[in-house]
Amino acid sequence: MGTVPSALKHCLSYQHLLKEQLWIAEPPAAAHPAQEPQASGLPEYIKIVEVGPRDGLQNEKVIVPTDIKIELINQLSKTGLPAIEVTSFVSSKWVPQMADHKEVMRGIERHPGVQYPVLTPNLQGFHSAIAAGATEVSVFGAASESFSKMNINCSIEESIEKFEEVTKSARNMNIPVRGYVSCALGCPYEGNVVPDKVAEVSKRLYSMGCYEISLGDTIGVGTPGSMKKMLEAVMKEIPVSALAVHCHDTYGQALANILTAIQMGVAVVDSSVAGLGGCPYAKGATGNVATEDVIYMLNGLGINTGVNLYAMMEAGNFICTALNKKTNSKVAQASFSTGTIN
Amino acid sequence: LRGLGSLLSPCQVSSAAAATGGYPKRVKVVEVGPRDGLQNEKNVVPTPVKINLINMLSETGLQVIEATSFVSPKWVPQMADHTEVMQGINKLPGISYPVLTPNLKGFQAAVAAGAKEVSIFGAASELFTKKNINCSIEESLERFDEVMKAAREASIPVRGYVSCVLGCPYEGKIAAAKVAEVSKKMYSMGCYEISLGDTIGVGTPGSMKEMLSVVMKDVPVGALAVHCHDTYGQALANILVALQMGVSVVDASVAGLGGCPYAQGASGNVATEDLVYMLNGLGIHTGVDLQKLMDTGTFICNALNRRTNSKVSQASCRL
């Protein structure tokens, strides 16, 4: 089998491997000329929605200074990402991390061709977001009554009514609205969630005008089995082109679940740089799937994302250094020679 | 969080899901933690701990547990106690305890110690073989001829491993045709099963699919297994694709024991707990009790004074 030390001495470093052996990280055009993504049944292009600055940071313990948030978003804007969720116009009493939403919105560079959606839980937040320069917003529903009650202290129906106010105003101003459905594959309070319930809530959000519905496995309990069942139910009500998946990696299932979704035609995937954002329901456990790891997989499948993996890893390195934490991205861990970012 | 308890019980989803989803109904999980896992852990584990680990694994429902390696302790100090481990474990009926045997001498020592199944290792990369055991692929397989002959005479089944099937730390890209060639050779030499290893974890569902479609032309899928490393986080997605193509034997390591010797600090083996969690969710029968598996993972991590690499274990532990 050989001694380990000599193997380490002689082998190519991973940086070398990635730079010289471009087949590992290169977007499909160069690496797989003979591959026909269409023939494989997978989408040719997948839109990555980067949620690190919002969903990621919101679930990090350390409060991040405004200028660091702005720098992170600016770095992400240069990676080729088509959409970066910037912040949340929610009361700073509830989410202290997002208290600087106005400053962040006004402070970031806005790159052409990149969307910068923000969360708006209600009409007040929506107006505030527009005043700060937002040109796209998101609303959050849930497929679980208990979760809705515990999180925003109202029923699913009541929350939908609030969102209708937002979508109505948004429509008048030509502002696109994205809808999120939490607990699509399981709820921390209710356990199993019925796929038809997910379909029902998704349909409500879609009919009120959300252009895209992001289905969130909020506690990461989903598996390819439950992902498939849920998507089958939802796809009866909503065209697959209007669907996105937002998978958490709390049980290590995220990439397998994302693969299942894209095999079924889903072409929009949410992820978080460096896998920022732990799970608030399982202390010490991970949350969001790492964008780097998603890109790596999609590159290997010959699917175009437009995102440069190296630039992504650099942005991940930046924010992890600023947060004084290790990355949750395995691709980043494998690629940095010390195994740690700090 | 009462709902989550039910999510952990085995075979939660009806088996109808497996039938309609194009997946095998049953998957054999080959547990490599005590060998591949511990071999790549920095701390040398005392013999009683190894024995207890294997005994605990034997209670989880696993059918195959790779126990140790009959290799010279000069090369692999962690496996120096191979004879004691082999003789010390409880060998439960219905469970196989294969051991690695790099040559005839190792094979004979293994059989003398009570081994009833052995494994041999090839690679799909010339440079990897040269760096590792200082000979060509061809020469390495010739060395195993003696082992195969002796095994045949003793009616001992032999499992073949092929390393670097989706990439090599020295050569980079590996041609699928080369993997097929080496696999075919080992299969015709008499290995009953070929475990295809993504040694540095660089594979993706794309390269896994391509490699398997080529190998399956030369080796029946019923004789194939996948041994995926999670160094780039791709293991479960790669395993999913392999299952979709008909592979029904998957190697994994409890608690994800065993880092990657080629990328310092990076992870290696995929965690058995995370694999079983996924298979349960797909309605695929493994016979493995996830809770007992997690308890075993907790035991060995405490003994090694390290955190688990299993996300299922991390999530289930309320600190």
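Letters go in sequence order (proteins before strands), and every chain restarts at 1. Just so we're clear, the structure is a prediction, and the values are computed from it rather than from any experiment.
Per-residue counts of heavy-atom pairs under 4.5 Å with chain B were compared for A:Gly222, A:Pro224, A:Ala290; the largest is that of A:Pro224.
A salt bridge links A:Lys228 to A:Glu232: at least one charged side-chain nitrogen sits closer than 4.0 Å to a carboxylate oxygen.
A side-chain donor-acceptor contact under 3.5 Å links B:Glu126 to the backbone of B:Ile137. In this structure, A:Asn304 contributes its side chain and A:Glu44 its backbone to no donor-acceptor pair below 3.5 Å. A donor-acceptor pair is defined here as one N or O able to donate and one able to accept, closer than 3.5 Å; such a pair exists between the side chain of A:Glu50 and the backbone of A:Val273.
Both the backbone and the side chain of B:Leu236 come within less than 4.5 Å of a heavy atom of chain A. For chain A, the nearby parts of B:Asp230 are the backbone and the side chain; heavy atoms of each come within less than 4.5 Å. For a residue to count as touching a neighbouring chain, one of its non-hydrogen atoms must lie under 4.5 Å from one of that chain's; by this rule A:Glu292 does not touch chain B.
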